[in-house]
Amino acid sequence: MLDIKKIRQEPDLIKELLSYRNLEFINIIDQILEVDSKWREKLSEKEKLEAERNKLSKKVGQKKAKKENADKELESLNIIKDKLKEISELEPKFSEEQKKLLFELPNTPSKCTPEGKSEEENKLVYEWGEKRNFDFPVLEHHEIGVQQNILDFERGVKLAKSRFTAVKGLASKLERALMNLMLDLAAEGDYEETSVPVIANADSLQGTGQFPKFKEDVFKLQDEDLYLIPTAEVPLTNLYRDEILNEEELPIRLTAYTPCFRSEAGSAGRDTRGIIRQHQFYKVELVTLCKAEQAEEEHEKLTKQAEKVLQILELPYRKVQLCSGDLGFSATKCYDLEVWFPSQNRYREISSCSLFGDFQARRAQIRFKRSNQDNPKKSKNELVHTINGSALAVGRTLAAILENYQKEDGSIEIPKALQVYMNKKERVS
RNA sequence: GGACAGAUGCCGGAGUGGUUUAUCGGAGCGGUCUUGAAAACCGUCGUAGUGCAAGCUACCGAGGGUUCGAAUCCCUCUCUGUCCGCCA
């Protein structure tokens, strides 16, 4: 959520910044400003009446205690009461409309986010690693998985529906090894391991920006206002929802390994084969809460943390900075890490490391007390800045390993860094 | 799932219609005293909206209602605790 004060003060700047995204928000901002000024007018009128009422009511109390007559006061109070009722009936209309509009506005792109319309204008930061030369026909990861009997697509569908897969044998062990490797690396980088609910309520999803706009993307529990999390970003960030943190606690760096559930509404037909796009997948997520002045640095740190996983697994990847048009709803700046898939002869997203500024924190009301050395009384509550990214999506990492480490005989070499997590086993065959 | 009890500020805890700007205690912070500390004493100590400011307004789990006036009365909901049942 954007700051209404900022919108009020610099509407043109906000309009301009939002125009760098693909869509136009000029109308919404004008509507917000209109509702805002109308509402504030009513608000001050209301408060004046309330002040008057409180004063008179107190007088009534005093007079009655002294057994004096207070009819005159009661008469004016009745008039005020009617007026107040009139205004208070209007109030929810204004504030609801205001909220609805504000919740629909995406974050403004940061100064360092390149301007661009779509994916094609994303900026390549660098490529890392050596793409392997294969002197045999390269198989796709799902072909390898079926051939080795470690990915069972049909039975996964039988258990649930399409886009669910049973992962078996050494692939399942690889997943577990990946989880351990990723969590250990995150711990080395000072991210505290956390185990959180994978079901979240609507307030939590609103806090991180999935709601209200992207409701159709998550699975809802029947007859309950509860949802399967689409990413651990939701529980990790919302751990501190509605809290005021101590300045010294920041930055707070967290990591969690969780399953993630996505309805994939609107992506029918895309990546229907393989485990690239599933309704359920595992992911190690990194989340940072920090002060504004720490945010850029922490964003870089978190991204490097995610890159480290790819590097240690020796998977070729590239780092891309998203342009304004490709930026996610809540993000102000974002790096995508894309891993090389030889069968597709292209890079595919495996991690998205986003800086949100105070956008999520304003929705989720996560603040800290900024101490003022000169005048401790002037210590102010300030919104934290939030950052998150995956390190990494386990399913896609598994797919990338199967493809990049395949051998001509159909076996798969196990990356060195994972062997210690798999009883020193060197090969899947 | 059943029964009962409860939800008040950082914590404990009082408050059942108006002189309550939410009593009091503890912790924290500032000060006095002290070589320093402790003790004692004095002061301070929530969030948000609005305003240049003084101030004003709202908030006692959430939402609604009654009333000139609600932490207090009424209704609905949520959560927590205890006991019972079931259970990894």
Side-chain angles (χ1 to χ4, degrees), chain A residues 1-9 32-102 195 197-207 211 221-227 235 238-250 259 358 361-384:
Chain A
M1 186 162 62
L2 294 175
D3 187 358
I4 180 69
K5 277 190 205 158
K6 251 202 190 127
I7 297 178
R8 207 183 282 149
Q9 280 159 9
I32 288 173
L33 288 170
E34 203 189 313
V35 173
D36 182 58
S37 76
K38 273 189 191 161
W39 186 46
R40 289 202 303 156
E41 208 176 285
K42 288 285 171 198
L43 194 70
S44 81
E45 195 182 328
K46 187 186 132 200
E47 289 192 354
K48 269 182 208 150
L49 285 168
E50 281 172 338
E52 184 71 17
R53 179 200 63 191
N54 290 350
K55 237 191 260 171
L56 281 173
S57 284
K58 199 176 281 176
K59 222 181 209 170
V60 172
Q62 284 166 357
K63 283 200 166 183
K64 286 210 165 164
K66 286 189 236 161
K67 301 248 161 62
E68 288 174 30
N69 184 298
D71 288 353
K72 213 175 108 195
E73 283 80 6
L74 286 175
E75 199 180 314
S76 353
L77 276 165
N78 269 316
I79 298 168
I80 293 174
K81 193 195 172 193
D82 290 343
K83 281 191 195 160
L84 269 173
K85 198 170 180 190
E86 226 170 89
I87 294 177
S88 67
E89 274 163 11
L90 291 172
E91 195 182 325
K93 215 182 82 192
F94 282 126
S95 63
E96 261 165 47
E97 173 143 18
Q98 169 97 291
K99 246 188 220 153
K100 206 185 110 211
L101 292 167
L102 272 174
S195 184
V198 299
I199 291 172
N201 57 29
D203 284 345
S204 297
L205 286 150
Q206 173 124 286
F211 281 12
L221 267 61
Q222 184 144 37
D223 301 329
E224 301 238 39
D225 194 22
L226 292 170
Y227 307 82
N238 279 286
L239 275 175
Y240 299 101
R241 176 156 45 84
D242 296 323
E243 291 194 30
I244 297 165
L245 303 162
N246 291 324
E247 188 172 8
E248 311 83 62
E249 292 179 69
L250 301 173
D358 60 13
R362 185 169 296 106
R363 291 173 155 242
Q365 284 299 295
I366 308 171
R367 293 168 290 178
F368 72 96
K369 196 167 277 293
R370 163 92 66 185
S371 66
N372 184 324
Q373 300 294 16
D374 308 328
N375 189 351
K377 280 187 196 166
K378 286 267 165 70
S379 293
K380 277 249 168 193
N381 290 334
E382 211 173 294
L383 293 164
V384 303

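Naming: A, B, ... by sequence-line order, numbering from 1 per chain. Predicted model, so just to flag it, every value in this text is computed and none were measured.
- Phosphate proximity of B:rG18 to A:K58: absent, as no side-chain N or O sits under 4.0 Å from OP1 or OP2.
- A:E86 CD: 12 or fewer foreign heavy atoms inside a 6.0 Å radius.
- Looking at which nucleotide of RNA chain B each of A:A51 and A:R40 is closest to, the 5′-most match is held by A:R40.
- Across all strands shown, A:K55 has no heavy atoms under 4.0 Å from either base or sugar-phosphate atoms.
- Atom C1' of nucleotide B:rG69 and atom CD1 of A:I80 are separated by 12 Å, given to the nearest angstrom.
- The phosphate of B:rA58 (OP1 or OP2) has a side-chain N or O of A:N54 nearer than 4.0 angstrom.
- When Watson-Crick and G-U wobble pairs are counted only if both distances are under 3.5 Å, B:rA48 pairs with B:rU57.
- In this structure, A:K369 places its NZ atom 4 Å from P of B:rU47, rounding to the nearest Å.
- Between the CG atom of A:N246 and the C1' atom of B:rC29 there is a distance of 14 Å, rounded to whole Å.
- A sub-4.0 Å separation between OP1 or OP2 of B:rA48 and a side-chain N or O of A:R367 is present.
- A:R8 is listed as a side-chain neighbour of A:R40, based on a closest heavy-atom distance under 4.5 Å.
- Between the side chains of A:Y240 and A:D242, not a single donor N or O lies within less than 3.5 Å of an accepting N or O.
- The nearest whole Å value for the distance from the CG atom in A:L74 to the P atom in B:rG69 is 10 Å.
- As a whole-Å value, the separation of A:D203 CG from B:rA62 C1' is 11 Å.
- Heavy-atom neighbours of A:E243 CD from other residues, nucleotides or ligands within 6.0 Å: above the threshold of 12.
- To the nearest whole angstrom, the two C1' atoms, one in B:rA3 and one in B:rG9, are 33 Å apart.
- Using C1' as the reference atom, B:rG81 and B:rC74 are 26 Å apart when rounded to the nearest Å.
- Residues A:K85 and A:Q365 each lie close to RNA chain B; by heavy-atom proximity, the contact nearer the 5' end of the strand is made by A:Q365.
- For the C1' atom pair drawn from B:rU66 and B:rG17, the interatomic distance equals 12 Å after rounding to whole Å.
- Across all strands shown, A:L56 has no heavy atoms under 4.0 Å from either base or sugar-phosphate atoms.
- Here B:rC68 presents its P atom at 17 Å from NZ of A:K83, a figure rounded to the nearest Å.
- Each of B:rC68, B:rU47, B:rG49 was ranked by its minimum atom distance to the side chain of A:I244; first place goes to B:rU47.
- One P atom belongs to B:rU8, the other to B:rA71, and the distance between them is 16 Å to the nearest Å.
- For the pair A:K59 and B:rU19, the criterion of a side-chain N or O lying under 4.0 Å from OP1 or OP2 is not met.
- Considering only side-chain N and O atoms, A:R53 lies nowhere under 4.0 angstrom from the phosphate OP1 or OP2 of B:rU57.
- Comparing the P positions of B:rG12 and B:rA7 gives an interatomic distance of 12 Å, to the nearest angstrom.
- Checking A:N54 against A:S57 by side-chain atom types alone, no donor-acceptor pair falls below 3.5 Å.
- Atom name C1', nucleotides B:rG61 and B:rU47: the rounded distance is 16 Å, in whole Å.
- Rounded to a whole Å, the CD atom of A:E243 is 15 Å from the P atom of B:rU47.
- Residue A:R8 is classed as a sugar-phosphate contact, given heavy-atom separations below 4.0 Å to backbone atoms only.
- Spacing of P atoms, B:rG18 relative to B:rG25, comes out at 23 Å, to the nearest Å.
- In this structure, CZ of A:R362 is placed 10 Å from P of B:rG49, rounded to the nearest angstrom.
- In this entry B:rG9 has no Watson-Crick or G-U wobble partner, no candidate having both defining distances under 3.5 Å.
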